[in-house]
Amino acid sequence: MLSAPLLALLLLLRLQVRASGVAEPPLPSVVLAILARNAEHSLPHYLGALERLDYPRARLALWCATDHNIDNTTAMLREWLAAVGHHYAAVIWRPEGEPRSYPDEEGPKHWTKERHQFLMELKQEALTFARAWGADYILFADTDNILTNNQTLRFLTEQALPVVAPMLDSQTYYSNFWCGITPQGYYRRTTDYFPTKNRQRQGCFRVPMVHSTFLVSLRAEGADQLTFYPPHPNYTWPFDDIIVFAYACEAAGVSAYICNEHRFGYMNVAVGPREGLEEEKINFIHLILQALVDGPPMQVSAHVSCPPKRPSKMGFDEVFVISLARRPARRQRMLSSLWEMEISGRVVDAVDGWMLNSSVLRSLGVDLLPGYQDPYSGRTLTKGEVGCFLSHYSIWEEMAARGLAQVLVLEDDVRFERNFRGRLEQLMEEVATQKLQWDLIYLGRKQVSPEEEVAVEGLPGLVVAGYSYWTLAYTLSLAGARKLLASQPLRRMVPVDEFLPIMFDQHPNEQYKEHFWPRDLRAFSTRPLLASPTHYAGDTGWLSDTETSSPWDDDSGRLISWTGSQKTLRDPRLDLGSSGHGLHPHPRDEL
Ligand SMILES: *[C@@H]1O[C@H](CO)[C@@H](O)[C@H](O)[C@H]1NC(C)=O
Ligand SMILES: *[C@@H]1O[C@H](CO)[C@@H](O)[C@H](O)[C@H]1NC(C)=O
Ligand SMILES: *[C@@H]1O[C@H](CO)[C@@H](O)[C@H](O)[C@H]1NC(C)=O
Ligand SMILES: *[C@@H]1O[C@H](CO)[C@@H](O)[C@H](O)[C@H]1NC(C)=O
């Protein structure tokens, strides 16, 4: 264990000794400055990413400070340094003894003047250490910035730029650079920002401000004049470490750059000053899930004890995840996502359309609804769609057999909205309080005419469901399962996402509806939706086991890719629907 007063005693200078005569120059030496405060939720991922940087540790020093914690940050850092510190050329450990908050602080994420000053002093200390140690560079990286790309540090040092930041992706429009700054030192909107952020232009670009994660060359011209604290004598801009540093760069004639030609990693969108660690953790979990879908995923350090997870079913009798055994990556992604949200799911092996042939279907009593055609392509049912129907059907049967009062059903390609778990729990609580009689609640679907849907009185997050596609995510009650089974849908099969609207009498096709009676399913939907598909038709990574499949009665074994996959096209209205995600811009954006 490393103890607090040791401070600089732990300067284990072990500069690289090269025994061999091979004349490959050593990589530049870099100090990694770690300043952690109340970072328990992101530290395992943050440290995991630092550990995995493809860079010789003998060329790296760790400068690590932590202060004013109300969570387990100090213990986690100690544990990590004790496990990995000896691999690095030097370790500086600067923990603050007593947990405390700043005077005037409104919450653990509120930036008071004292806090800004303290942070600037710490960064200055790190900088002073790096100079004294003779480092070529110092890397500042906030503890909720996860550098999933292990080439990041190599890439940045190879650029040989005075100040350079790897552009980081977040849950929103927010990133770690500004393209413009006002004469007073505030954020200025520019036309360059979005093309850069969205990688429509790629490369390394000179910008007036980088922050959160950036590499500073200590050898560049003017670098000796860079300071965080005290600010430059002529400084009149806002008292904030990132702006102080941007000013110092400008005053010293040192240029800053943002590089975006690779995906380097992620940054968490900060919470508002009055919000607590719980909200920040919710944002961070959303970011972890985003990384699982968009890749590369984050990985935790093996050298830190992560806060324990206690998965539950959130009051449901089961949380079913329908997943094809031959799509293990999707299955794993769903299980990992649920684990991060502490939801305990049960995998149901989906019925694989590939395994179905006419004789199997006959033995199951499956027959097609006369006259059924896909609304877009005009094709008949595919084997994939039959398999999908049978998978959902098996869950309804299990509910009836076991008398399960309410379940959550998820397919394996769900992208969860921010705070999915918290919002769903709250909704189900409100639904119970209002004694709403419900059979099915969609959490994710493609609405056909959302503007016509009626709100539910007393339940602001809910509407009466109109005609919609998809069976991505829904809750079902026992009464609902019984109604679906009683209509004997296998004998007149349509795709399951057409069947449900028939059963709540919202399907536009009267002929289909005639085959089912009574169509009294009480169906609702959350608004905004809590889940969307991970990919839409046409996206890279899109793959559909129902749309790439042969007709249900075709035993020739050939696969057909239906051009009629408009059902899974991105709906621009959906993007509007998810804009109420409750994410806050970085407090520094509000300056
Ligand atoms: C860096 O990451 C890539 C992709 O995840 C991986 O294949 C490679 O082995 C890693 N390299 C090192 C040195 O860890
Ligand atoms: C705090 O972290 C340490 C080291 O990572 C761990 O051993 C301990 O169990 C954690 N305590 C709590 C309350 O999470
Ligand atoms: C501060 O501003 C004054 C007046 O503009 C100028 O003369 C002086 O050189 C500046 N000081 C520094 C350190 O740049
Ligand atoms: C249909 O599939 C079943 C199970 O996979 C198989 O036993 C049977 O031989 C198949 N029948 C035909 C006609 O291909």
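Both ligands and their constituent atoms are indexed starting at 1 by order of listing. One is the number of the first residue; the rest follow in order along the sequence.
- Of the protein's heavy atoms, none falls inside 4.0 Å of atom 5 (O) of ligand 1.
- The heavy atom nearest to atom 11 (N) of ligand 4, out of those in Asp555, Val360, Asn357, is found in Asn357.
- Using modelled atom types, one finds a donor on one side chain and an acceptor on the other under 3.5 Å when comparing Glu51 with Trp80.
- Within ligand 1, the atoms closer than 4.0 Å to a non-hydrogen atom of Asp54 are 13 (C), numbered from 1 in the order shown.
- Checked by distance only, ligand 1 and Gln151 stay at 3.5 Å or farther apart across all their nitrogen or oxygen atoms.
- Inter-residue side-chain proximity for Thr143 and Leu43 is flagged as met; some heavy-atom pair is nearer than 4.5 Å.
- In summary, the side chains of Asn419 and Glu279 do not present any donor paired with an acceptor at a separation below 3.5 Å, with no hydrogens or angles considered.
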Problem - Full working for side chain to side chain contact (heavy atoms under 4.5 Å, CB included) between Leu153 and Leu215 - result: CA-CA 8 Å; Leu153 187 55; Leu215 184 76; 4.0 Å; yes
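- For atom 14 (O) of ligand 1, the nearest protein heavy atom lies under 4.0 Å away.
- The protein heavy atom nearest to atom 1 (C) of ligand 1 is Asn150 ND2, 1.5 Å.
- There is a side-chain donor-acceptor pair under 3.5 Å between Glu411 and His392.
- Checking atom 9 (O) of ligand 4 against the protein gives no heavy-atom contact under 4.0 Å.
- Side-chain atoms of Thr157 and Phe155, non-hydrogen and from C-beta on, never get closer than 4.5 Å to each other.
- Contacts with ligand 2 closer than 4.0 Å are made by side-chain heavy atoms of Glu79 only, the backbone lying farther away.
- Nearest protein neighbour of atom 2 (O) of ligand 2, counting heavy atoms only, is Asn72 ND2, 2.3 Å.
- The contact set between ligand 2 and Met76, taken as ligand atoms under 4.0 Å from a residue heavy atom, comprises 2 (O), 5 (O).
- Side chains of Asp497 and Thr471: a donor-acceptor N/O pair is absent below 3.5 angstrom, by distance only.
- If you check which protein heavy atom lies closest to atom 7 (O) of ligand 2, you get Ser305 OG, 4.0 Å.
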Practice task
Any chance you could lay out the ring-ring contact (aromatic ring centres under 6.0 Å, His included) test for His68 and Phe118, step after step, and finish with the verdict?
Solution key: CA-CA 10 Å; His68 296 83; Phe118 189 73; 5.2 Å; yes
